Amino acid sequence: MRVGYASVNRSIGCTSARTFRLASYSRERLYETIGNNLLCLLNTLHHNVQQGIRFFRLPSEIVPFASHDICQEPWQKDFARQFRKIGNYIRDHDVRVALHPGQYNVLNSPWEHIFEQSYKELCYQAELLDLMGLDSTHKIQIHVGGIYDDKAASILRFTRRYYLLSPEVRRRLVIENDDRLYTLRDCWEIYGAVGIPIVFDNLHHALNNVSDSLLEAFDAAYSTWKGIDGVPMVDYSSQAAGKRHGSHAETVDLDDFAAFMAQVRDYDFDVMLEIKDKEASVLKVMNSLKTL
DNA sequence: AGTTGTCAAGCTAGT
DNA sequence: ACTAGCTTGACAACT
């Protein structure tokens, strides 16, 4: 089992999510930023590997504005060597990476241009992984989208849009149950229609479910992953004490985590921690697993 | 050097 | 009609 964290390392002093304002866009600014982001990414992966961390969510901002109309630069060609180098490092060290586009990525929007824009972002993210030469176990994870007063119609719209996606995007795309709109059971319905794997999120399930137990939901999500997808991915987070529902805790609660693991001990999966202190919690969890 | 409003973008629920 | 909050963090303009 790999244990990972999202996007930004808190201790090494660089970030591979540097960006800039659209108003200050220029080819020079873009290339300088991509160059720095890729250097930091390799640095981050290296630090992860040295600590035994082999699961990492890449930031969406590695190439800022890549899916925006303003970006016409051939960055794919101009940074091909750097991408290949990072991909080689990932494969050589048995690291798994994933991507998680932001809240503006909505495949099932009734508005065609929002779908088109979301699709462009997915193409960019798939391209990142393709340029690294990574196989289909390296995923892109999204939420189902909006409801628009008609969940059944919106689920149907998602499935229709899914078939419009390129094979390069589809082989990597997975959906996650969210904290308010689409439950694991809703995701399961979509899986039944198009066969897309489901990422189980424990906190979202706790906040948003019909009547399914954690184990029922986990098992259902688990069964949607095929060999070509790699072992299932799971998002794990703890509720921040005293904060509003759904906000992520500052650091992992090892008792909660142990209770979670006790329920799913028979499954092999990779777990992504969505916890504010990032790799610090990963190290805590990895350490606790030795004695579990 | 530190602070804070804003950032390319969508949607929902609550005021 | 408007806004906080979302997987979030970082930029840039101001003290």
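Naming convention: chains lettered A, B, ... in sequence-line order (proteins, then strands); numbering from 1 in each chain. The shown structure was predicted, so the numbers you read here are calculated from the model rather than taken from an experiment.
For the P atoms, the distance from B:dT6 to C:dT3 is 11 Å, rounded to whole Å. Between C:dA12 and B:dA9, the distance separating the two P atoms is 16 Å to the nearest Å. Going from the P atom of B:dA8 to that of C:dA13 covers 12 Å, rounded to whole Å. Taking atom C1' in both C:dT7 and B:dT4, the straight-line distance is 23 Å, to the nearest Å. If you take atom C1' in C:dA4 and the same atom in B:dG5, they sit 15 Å apart, rounded to whole Å.
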Donor-acceptor list for residues 28-35 of chain A side chains, cut-off 3.5 Å, not counting sequence neighbours:
| residue | atom | partner | partner atom | Å |
| --- | --- | --- | --- | --- |
| A:Tyr31 | OH | A:Asp78 | OD2 | 2.6 |
| A:Thr33 | OG1 | A:Arg29 | O | 2.7 |

Could you pull out the protein-nucleic contacts involving nucleotides 13-15 of chain C (nitrogen or oxygen on both sides, under 3.5 Å)?
none

Using atom names, set out every protein N or O paired with an N or O of nucleotides 5-12 of chain B below 3.5 Å, distance rounded to 0.1 Å.
| residue | atom | partner | partner atom | Å |
| --- | --- | --- | --- | --- |
| B:dC7 | O2 | A:Arg21 | NH2 | 3.0 |
| B:dA8 | OP1 | A:Leu22 | N | 2.5 |
| B:dG10 | O6 | A:Tyr104 | OH | 3.4 |
| B:dC11 | OP1 | A:Ser109 | OG | 2.7 |
| B:dC11 | OP1 | A:Tyr148 | OH | 2.7 |
| B:dT12 | OP1 | A:Ile147 | N | 2.4 |
| B:dT12 | OP1 | A:Tyr148 | N | 2.8 |
| B:dT12 | O4' | A:Arg180 | NH2 | 3.4 |

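Aromatic pair A:Phe200/A:His205: centroids less than 6.0 angstrom apart. Here the two rings, on A:Tyr5 and A:Phe55, have centers that are 6.0 Å apart or farther. Outside the 6.0 Å centre-distance limit, the rings of A:Tyr222 and A:Phe269 are not counted as a close aromatic pair.
A:Asp179 has its CG atom 12 Å from the P atom of B:dG14, to the nearest Å. Here C:dT7 presents its C1' atom at 12 Å from CG of A:Asp178, a figure rounded to the nearest Å. Atoms CG (A:Leu273) and P (C:dT7) sit 16 Å apart, rounded to a whole Å.
A:Glu112 is linked by a side-chain contact (heavy atoms from CB on, under 4.5 Å) to A:Phe115, A:Glu116, A:Arg161, counting only residues two or more places apart in sequence or in another chain. Checked against side-chain contact (heavy atoms from CB on, under 4.5 Å), A:Tyr104 has no partners two or more places apart in sequence or in another chain. The disulfide bond (SG atoms under 2.5 Å apart) test applied to A:Cys123 returns no partner, not counting sequence neighbours. Listed by chain and number, the residues in a side-chain contact (heavy atoms from CB on, under 4.5 Å) with A:Leu254 are A:Val252, A:Lys284, A:Val285, A:Ser288 (sequence neighbours excluded). Partners of A:Lys85 by side-chain contact (heavy atoms from CB on, under 4.5 Å), not counting sequence neighbours, listed by chain and number: A:Leu42.
Here A:Ser7 lies out of heavy-atom contact (under 4.0 Å) with every strand.
A disulfide (SG to SG under 2.5 Å) check over residues 15-83 of chain A, counting only residues at least two apart or in different chains, returns the pairs A:Cys14-A:Cys40. The salt bridge (Lys or Arg N to Asp or Glu O under 4.0 Å) analysis of residues 51-67 of chain A, with sequence neighbours excluded, yields the pairs A:Arg54-A:Asp94, A:Arg57-A:Asp235, A:Arg57-A:Glu274.
Salt bridge A:Lys151/A:Asp186: present, at least one basic N to carboxylate O contact under 4.0 Å. For the pair A:Asp229 and A:Arg172, the salt-bridge criterion is not met [side-chain N within less than 4.0 Å of a carboxylate O]. Electrostatic pairing of A:Asp135 and A:Arg96 does not count as a salt bridge here, judged by no charged N lying under 4.0 Å from a carboxylate O.
Looking at which nucleotide of DNA chain C each of A:Thr19 and A:His100 is closest to, the 5′-most match is held by A:His100.
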Dot-bracket encoding per residue of DNA chain B, Watson-Crick/G-U cut-off under 3.5 Å, | denoting interstrand: |||||||..||||||
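Near-neighbour residues of DNA chain C inside residues 24-44 of chain A, defined by a heavy atom below 4.0 Å, number-ordered: A:Ser24, A:Arg29.
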